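When a ligand or atom number is given, it counts from 1 through the structure's own listing order. Computed from a predicted structure; not experimentally measured.
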Amino acid sequence: MSPAFPNGAPSEPASNTSAPSDLATRLETVRVGVADAARTAGREPADITTIVVTKFHPVSLLEELYALGVRNMGENRHQEAQSKAASLADLDLVWHFVGQIQGKKARQVRAYANVIHSVDRESLVTALASEESTIDCFIQVNLTDDAARGGVHPANLSALVDSALIAPGVRLLGLMAVAPLGEEPRRAFAHVRELSEQIRQQAPAATALSMGMSQDYAAAVLEGATHLRIGTAITGNRPVL
Ligand SMILES: *Cc1c(COP(=O)(O)O)cnc(C)c1O
């Protein structure tokens with residue numbers, strides 16, 4: 001219970017923007033937005049997984065999200081993700097790794113991540129292969145001309161799909177992409193959907209599409225996204241470290 005205000009209710013609303021009630025409000029706003037976009041697309045909201053990207057935020061924020069029912073957490077930096085996953089090992093969370101991965105860190109990421117969204121080269125597939133366990137993966141496609149952005153160039157996608165299919169312990173769920181800045185996101189997502197349709201001939205089970213972020217998730221849902229990676233629209237602005 002909140003304390004009574006003997007001098008009347010305070011005239012100023014609480015200004016702490018990280019209060020749980022604000023987090024709950026933003027989460028609910030995104031849930032409604034996803035459901036609306038799904039309805040527009042003639043899709044079931046339940047077929048869309050919203051991953052809350054919590055990078056740069058403290059473990060306490062992830063605990064608040066958990067209390068609000070969130071189970072899918074996304075991180076993009078290995079050390080931060082590893083430490084958060086260790087701190088929250090008692091919770092039934094699904095950890096999605098969405099950042100670029102150095103080859104020498106691949107097995108460490110595999111140890112705590114449930115899903116890796118950023119497989120973008122054959123050497124990484126090899127590093128993730130295992131005879132003991134299976135890791136769910138997306139192949140990230142680079143829709144820009146900037147090779148530093150991560151992701152495989154569409155021209156090299158088919159070969160990478162083949163390596164993922166033959167690697168033991170690597171289960172290919174589908175494709176992941178980030179809409180390039182300055183391009184109409186829906187066009188970019190339509191392109192990813194076309195690439196996804198092309199690779200079905202090689203990989204019929206790789207039907208998932210990880211695309212859509214805070215600013216463009218509705219467009220992604222309209223183009224068939226199954227996994228949205230949403231940060232700031234839910235978490236609020238990321239703290240500057
Ligand atoms: C940070 C990040 C997101 C979330 O971005 P927002 O704009 O905050 O929603 C999604 N995908 C990847 C790969 C990211 O690094």
Side-chain angles (χ1 to χ4, degrees), residues 17-18 22-23 25-34 37 48-59 61-62 64-65 68 70-82 84-85 93-102 105-106 109 112-121 124 136-144 146-152 173-186 188-189 191-192 195 208-241:
T17 54
S18 67
D22 293 332
L23 186 65
T25 302
R26 289 190 298 262
L27 181 63
E28 182 57 20
T29 300
V30 169
R31 271 189 191 141
V32 169
V34 171
I48 299 165
T49 300
T50 296
I51 299 156
V52 183
V53 180
T54 47
K55 64 191 184 201
F56 296 94
H57 286 284
V59 164
L61 182 105
L62 285 81
E64 288 172 26
L65 287 165
L68 293 168
V70 173
R71 296 295 178 268
N72 289 276
M73 304 291 183
E75 290 285 337
N76 76 336
R77 300 189 304 169
H78 162 57
Q79 283 188 345
E80 179 182 343
Q82 185 180 47
K84 285 176 176 170
L93 290 171
V94 180
W95 291 96
H96 297 260
F97 195 83
V98 304
Q100 294 188 37
I101 303 182
Q102 291 175 40
K105 301 287 186 204
V109 174
Y112 60 81
N114 301 97
V115 187
I116 295 178
H117 290 244
S118 44
V119 174
D120 62 359
R121 59 198 189 276
L124 186 54
D136 285 337
C137 292
F138 287 86
I139 288 180
Q140 181 177 355
V141 180
N142 185 352
L143 301 173
T144 75
D146 179 0
R149 290 211 152 251
V152 64
L173 299 185
L175 300 183
M176 179 276 226
V178 176
L181 287 174
E183 193 185 315
E184 174 54 49
R186 185 149 181 196
F189 296 142
H191 184 195
V192 183
L195 293 170
L209 282 174
S210 168
M211 55 190 197
M213 311 184 359
S214 291
Q215 301 303 320
D216 55 23
Y217 69 83
V221 168
L222 294 178
E223 293 299 337
T226 59
H227 292 68
L228 308 174
R229 308 178 312 272
I230 301 186
T232 49
I234 294 174
T235 63
N237 288 335
R238 286 183 272 275
V240 179
L241 294 191

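In the displayed structure, Gln215 atom CD is contacted under 6.0 Å by at most 12 heavy atoms of other residues, nucleotides or ligands.
Between His117 and Phe138, the angle of the ring planes stays under 30°, which puts this pair in the parallel group of the 30/60° scheme.
The part of Arg238 lying near ligand 1 is the side chain, judged by heavy-atom distances below 4.0 Å. The part of Val53 lying near ligand 1 is the side chain, judged by heavy-atom distances below 4.0 Å.
For ligand 1, the atoms closer than 4.0 angstrom to any heavy atom of Ile230 are 9 (O). For ligand 1, the atoms lying closer than 4.0 Å to a non-hydrogen atom of Asn76 are 15 (O).
Protein heavy atom nearest atom 1 (C) of ligand 1, with residue, atom name and distance: Lys55 NZ, 1.4 Å. Considering only non-hydrogen protein atoms, atom 5 (O) of ligand 1 sits nearest to Met213 CE, 3.6 Å. With hydrogens left out, the protein atom closest to atom 11 (N) of ligand 1 is Arg229 NE, 2.9 Å, a heavy atom. Closest protein heavy atom to atom 9 (O) of ligand 1: Ser214 OG, 2.5 Å. In this structure, atom 13 (C) of ligand 1 lies nearest to the protein heavy atom Val98 O, 3.5 Å.
Screening residues 225-238 for salt bridge (charged side-chain N to carboxylate O under 4.0 Å, His left out), with sequence neighbours left out, gives no hits.
Contacts of Ala188 classified as side-chain contact (heavy atoms from CB on, under 4.5 Å), with partners at least two apart in sequence or in another chain: Leu143, Ala179, Pro180, Glu183.
No side-chain heavy atom of Thr50 sits under 4.5 Å from any side-chain heavy atom of Tyr217.
A distance of 10.5 Å separates CD1 in Ile139 from CG in Leu173, rounded to the nearest 0.5 Å.
At least one N or O atom of Gly231 sits closer than 3.5 Å to an N or O atom of ligand 1.
Screening Gln82, Gln102, His78 for a side-chain contact (heavy atoms from CB on, under 4.5 Å) involving Val109 leaves a single residue, His78.
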